[in-house]
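Following: one structure in structure tokens, then a few remarks.
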Amino acid sequence: MAHPPSPSPSPSPVSPPLKDELDIVIPTIRNLDFLEMWRPFFQAYHLIIVQDGDPTKTIRVPDGFDYELYNRNDVNRILGPKASCISFKDSACRCFGFLVSKKKYIFTIDDDCFVAKDPSGKEINALAQHIKNLVTPSTPLFFNTLYDPYREGADFVRGYPFSYREGVATAISHGLWLNIPDYDAPTQLVKPLERNTRFSLSLSHFSIISLLIVLYVDAVMTIPKGTLFPMCGMNLGFNRELIGPAMYFGLMGDGQPIGRYDDMWAGWCAKVICDHLNLGVKTGLPYIWHSKASNPFVNLKKEYKGIYWQEEIIPFFQSVVLPKECTTVQKCYIELSKQVKEKLNPVDPYFEKLADAMLTWIEAWEELNPPPQAAAAAALPTATPVKK
Ligand SMILES: O=c1ccn([C@@H]2O[C@H](COP(=O)(O)OP(=O)(O)O[C@H]3O[C@@H](CO)[C@H](O)[C@H]3O)[C@@H](O)[C@H]2O)c(=O)[nH]1
Ligand SMILES: [Mn+2]
């Protein structure tokens, strides 16, 4: 008789992907009860919480999470005068978490973003999808009409050059949102009730049910080289080793003439640099459920200058040419800062301040993230987080 099959060894518990190579960065002004819903997906990972606003306020973090928390006093203590480049009273403060992290990957999420469900009703593990997006190549050089060719069940279509099929390394994974889409204030004002949901039923005339099938698009696509995009920071993953120094969220909020363009600024700078360094940016899955409709009138006050400035900022980024000597993100960023100062200063003196802050950011980045050989030599003091 054939030997009965030996019982397969009980599968070792699968370790969450990139568990020790990824930090989750959360900017916050409120208690982090939202983490309860994310617990199954986030608990295995280290969190970096950047507390904005009043540092004397205590932020409640649910038990069982491994985290370090930084408030404004910590930012000032760790960066000294360089703290001037980290925004106050704006979600832009999140980039401090990118600075102090020591991991290869970052996932950043807002505290009013919850677990969404896909059309089958299954809960979406947004973190796992970002990881998939980041560890598979991008295709910025030639558009694949079946979108992500590396996805299960897809591939490159006929006519897609084989010489391009290896793709390029993916630097950024940009996720989307159900319920409250990331609209600017004017759009939010004119469409106060619009929700991006799988569907919503509205009864009219008691007999007709109109299904508002709004956008759950089951796709991940690479943003083509040479094309900018509006990067939203609320559901965003990136490879910190590939593009980290470009993920500066600018000077926003308190004391600044503009707010809520932090992620946009970072996205425009990062995309121009990704294009120059042949790195990829993806957008699409995963979706999160965005719950908070921030006050459009307050938002309008913060973002109105950005709404007309961007009509000059976008042509600037579209015209940026980075010299071939710019072979690292830092060199690209320093060159970009020079061009910002020269070409955007006529738009508003704010851009001279922003260009200087971009340089301060790079100095801070290099101080906290020295290249390995320099670190060994200098054994620089690293950030001493509030360990919990
Ligand atoms: O002064 C502040 C205000 C907020 N935060 C934290 O930042 C995120 C986003 O804040 P919130 O969700 O309240 O505001 P939204 O209008 O929905 O944000 C959208 O606009 C972008 C702003 O740049 C943002 O990425 C989008 O989600 C929350 O975690 C707040 O706690 C803060 O740190 N400081
Ligand atoms: Mn929000």
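Remember, it's 1-based here, ligands and their atoms both numbered in the order they're listed. The basis for the numbers below is simple: all heavy atoms, side chains too, and nothing from hydrogens, waters or symmetry mates.
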- [ ] Output the list of atoms in ligand 1 that are nearer than 4.0 Å to some heavy atom of Lys89, sorted by atom number.
- [x] 1 (O), 2 (C)
Open item on the list: Evaluate Cys93 for polar contact with ligand 1, using N/O atom pairs at a separation under 3.5 Å.
Closed with: no
TODO: Would you kindly specify which portion of Asp112 sits under 4.0 Å from ligand 1, judged on non-hydrogen atoms: side chain, backbone, both or neither?
DONE: side chain
Open item on the list: Just checking Phe249 against Tyr261, ring centres under 6.0 Å apart?
Closed with: no
Open item on the list: Quick check on contacts: which atoms of ligand 1 are under 4.0 angstrom from a heavy atom of His290?
Closed with: 17 (O)
Open item on the list: With a heavy-atom distance limit of 4.0 Å, tell me whether Asp110 approaches ligand 1 through its side chain, its backbone, both, or neither.
Closed with: both
TODO: Look at Asp218 together with Arg151 and state whether they make a salt bridge at an N to O cut-off of under 4.0 Å.
DONE: yes
- [ ] Record the part of Asp52 in heavy-atom contact with ligand 1 below 4.0 Å; permitted values are side chain, backbone, both and neither.
- [x] side chain
TODO: Measure up the Trp265 and Trp268 rings against each other and bin them: parallel (under 30°), tilted (30 to 60°), perpendicular (over 60°).
DONE: perpendicular
Open item on the list: Under 2.8 Å from the Mn ion (ligand 2), is there any N, O or S atom belonging to Cys113?
Closed with: no
- [ ] Below 4.0 angstrom from a heavy atom of Asp262, which ligand 1 atoms are there? Numbered from 1 as shown, please.
- [x] 22 (C), 23 (O)
Open item on the list: Below 4.0 Å, non-hydrogen atoms only: which portion of Arg94 touches ligand 1? Side chain, backbone, both or neither.
Closed with: side chain
TODO: Ignoring hydrogens, just give me the one of Gly259, Ala92, Ser91, Ser87 whose non-hydrogen atom is nearest atom 22 (C) of ligand 1.
DONE: Ser91
TODO: Among Ile, Leu, Val, Met, Phe, Trp and Tyr joined by side-chain contacts under 4.5 Å, find the other residues sharing a cluster with Val157 and list them by chain and number.
DONE: Leu146
TODO: Looking at Asp112, pick out the N, O or S atom nearest to the Mn ion (ligand 2) and give its name.
DONE: OD2
Open item on the list: Main chain of Cys85, side chain of Tyr248: is a donor-acceptor contact present, judged purely on distance under 3.5 Å?
Closed with: yes
Task: Side-chain H-bond candidate by donor/acceptor type, Thr28 with Asp111, under 3.5 Å - done: yes
TODO: Report the part of Val50 (side chain from C-beta onward, or backbone N, CA, C, O) that has a heavy atom under 4.0 Å from ligand 1; answer both or neither where that applies.
DONE: neither
Task: Option whose closest heavy atom lies nearest to atom 29 (O) of ligand 1, chosen from Ser291, Gly233, Pro27 - done: Pro27
TODO: Classify the side-chain pair Asp66/His46 by whether it contains a donor and acceptor separated by less than 3.5 Å.
DONE: yes
Task: Path from Phe88 to Ile78 over hydrophobic side-chain contacts below 4.5 Å - done: no
Open item on the list: For a quick check under 3.5 Å, do Asn133 and Thr170 share a side-chain donor-acceptor pair by atom type?
Closed with: no
Task: Ligand-side contact atoms (ligand 1) for residue partner Ile29, heavy atom cut-off under 4.0 Å - done: 2 (C), 3 (C), 4 (C), 31 (O), 32 (C), 34 (N)
